[in-house]
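Only one structure is covered here, and it is reproduced in the block below.
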Amino acid sequence: MISSALNSWFVANARDLPWRRDGFGAWGILVSEFMLQQTPVNRVIPRLEEWLTRWPTPASLAAVPPSEAVRAWSSLGYPRRALWLHAAAVQITQLHDGVVPSDLNDLLALTGIGDYTARAVAAFAYGHRHPVVDTNTRRVIARAIAGVGEPSPPSRGRDLDAMGALLPQSAQEAALFNAAIMELGAVVCTSRRPHCAVCPIRDDCAWRAADYPEYTGTRKTVQKKFAGSDRQVRGLIMAELRSTHRSVTDADIATLWSDAAQLRRALASLVADGLAIPADDGYTLPT
DNA sequence: AAACCGTGGTT
DNA sequence: TAACCAAGGTT
C-alpha cells in the first residue's frame with residue numbers, strides 16, 4: 001500500500017509552502033495553481049503573496065482591468081495565464097457570487113482551468129475525493145507501479161484510472177495522497193537524478209525491482225529552442241508593454257528586435273491573444 | 001493531437 | 001554550453 005507509506009512520509013516531510021498553510025482558502029489555492037502551471041515553486045511564492053495581498057478575493061481582482069493582472073504577473077511567464085486568471089475571477093464573481101466553485105464541471109468551465117487545476121482545487125481547497133494527476137504524479141506512477149523510467153505521453157483516461165486505483169477511500173486520506181505523490185515526484189522521484197536512497201517507497205518500487213531499466217517508449221516532444229524564437233520576441237514586447245502606462249509605439253517596438261518580419265508576427269499574435277491592444281499611437285495592455 | 005505559449009535555474 | 005525541465009491549457 002504505497003498510499004499509507006507516502007502519506008506518513010508526507011506528513012513528516014512536506015515542504016512548508018504557502019498554499020499548504022491552514023485556512024489558506026480556495027481563492028489562494030486557485031491563484032497558486034494558475035501560477036504553478038509550468039512555473040517553478042520558488043519563482044511563484046513571492047508573486048503569489050503580492051497578488052493575494054492586493055486581491056484577497058475574486059471580486060477584488062475582477063474589479064480592476066486585466067492590464068493590472070498582467071503587470072502583477074510580472075515575469076512569471078506565459079502571460080496569457082494572467083489574462084485567464086482575471087477572466088476566471090470575473091466569471092466567479094458573476095456566476096458564483098464571488099465564491100470559488102467546488103464542483104469539477106463548474107471549475108472546468110472557468111477560463112484557463114483544465115483537468116489538473118480543476119481537480120487540484122476541488123481536492124486541496126475543498127477536500128473532495130478526486131484523482132489529481134500532474135507531471136510529478138505521472139512520473140512516480142510510471143516508475144513505482146509500471147516499472148519504467150519515464151511516463152508515456154499523457155492520456156487523460158489512463159492517467160486518471162491509474163491514480164484512481166491508488167487513491168485511498170476516505171476523502172481526507174485521498175486529498176493527502178494526491179499532495180504526497182506530487183511532493184515525492186517534486187523532491188525525491190525527480191526527472192533527472194531521482195534520490196532513490198531516501199525514497200519512502202523504494203522497497204515497493206517496480207522500477208528499482210527491475211534494476212532501473214532504460215526508458216524505451218515514446219519520448220516527449222522536445223521543447224523548441226527559446227533563443228531567437230517567436231516566444232522570446234513576444235516576451236520582449238510584453239516586457240515593454242508592462243514597463244509603462246502609456247502606449248508603446250511602433251518605433252519603440254522596432255528597437256526590441258532586429259528582424260522586422262518576426263517582430264510583426266509576434267505582435268500580431270499578441271493582439272490575437274488579447275495581450276496587446278492597438279491604440280491610436282501604438283499598443284497598450286488590455287484595459 | 002501536435003504545436004504553441006515565457007522565463008530562468010540546473011546539469 | 002546547449003539541452004533539459006518546470007503543480008498545464010488551449011487550439
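Chain letters run A, B, ... following the sequence lines, proteins first and then strands; every chain starts at 1.
- For dG6(B), neither phosphate oxygen OP1 nor OP2 lies less than 4.0 angstrom from any side-chain nitrogen or oxygen of Arg47(A).
- Here dT10(C) sits opposite dA3(B) as a Watson-Crick or G-U wobble pair (both hydrogen-bonding atom distances under 3.5 Å).
- Inspection of the Thr284(A) and Arg246(A) side chains reveals no N or O donor paired with an N or O acceptor under 3.5 Å.
- Remark: Ser269(A) is not in phosphate contact with dC4(B), judged by side-chain N or O atoms under 4.0 Å from OP1 or OP2.
- For the pair Glu33(A) and Leu110(A), nearest-nucleotide mapping onto DNA chain C gives the more 5' position to Glu33(A).
- Within 4.0 Å (heavy atoms only), Thr39(A) reaches at least one base atom of the nucleic acid.
- Note on Trp73(A): nothing from the nucleic acid sits closer than 4.0 angstrom, heavy atoms only.
- Using a 4.0 Å cut-off, some side-chain N or O of Arg139(A) falls inside it from OP1 or OP2 of dA6(C).
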Requested in this report: Just do the salt bridge (Lys or Arg N to Asp or Glu O under 4.0 Å) check on Arg119(A) and Asp115(A) with the steps written out, would you?
Outcome: CA-CA 6 Å; Arg119(A) 290 165 177 278; Asp115(A) 253 310; 3.3 Å; yes
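- Taking 4.0 angstrom as the limit, Gln38(A) places a side-chain polar atom (N or O) nearer than this to OP1 or OP2 of dG8(C).
- A donor-acceptor contact closer than 3.5 angstrom is absent between the side chains of Tyr215(A) and Arg143(A).
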Report task. Take Arg234(A) and Asp273(A) through the salt bridge (Lys or Arg N to Asp or Glu O under 4.0 Å) test and state the conclusion after the steps. Result -> CA-CA 11 Å; Arg234(A) 282 171 54 109; Asp273(A) 286 345; 2.9 Å; yes
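- When each of Trp84(A) and Glu183(A) is assigned the nucleotide of DNA chain C bearing its nearest heavy atom, the one mapping closer to the 5' terminus is Glu183(A).
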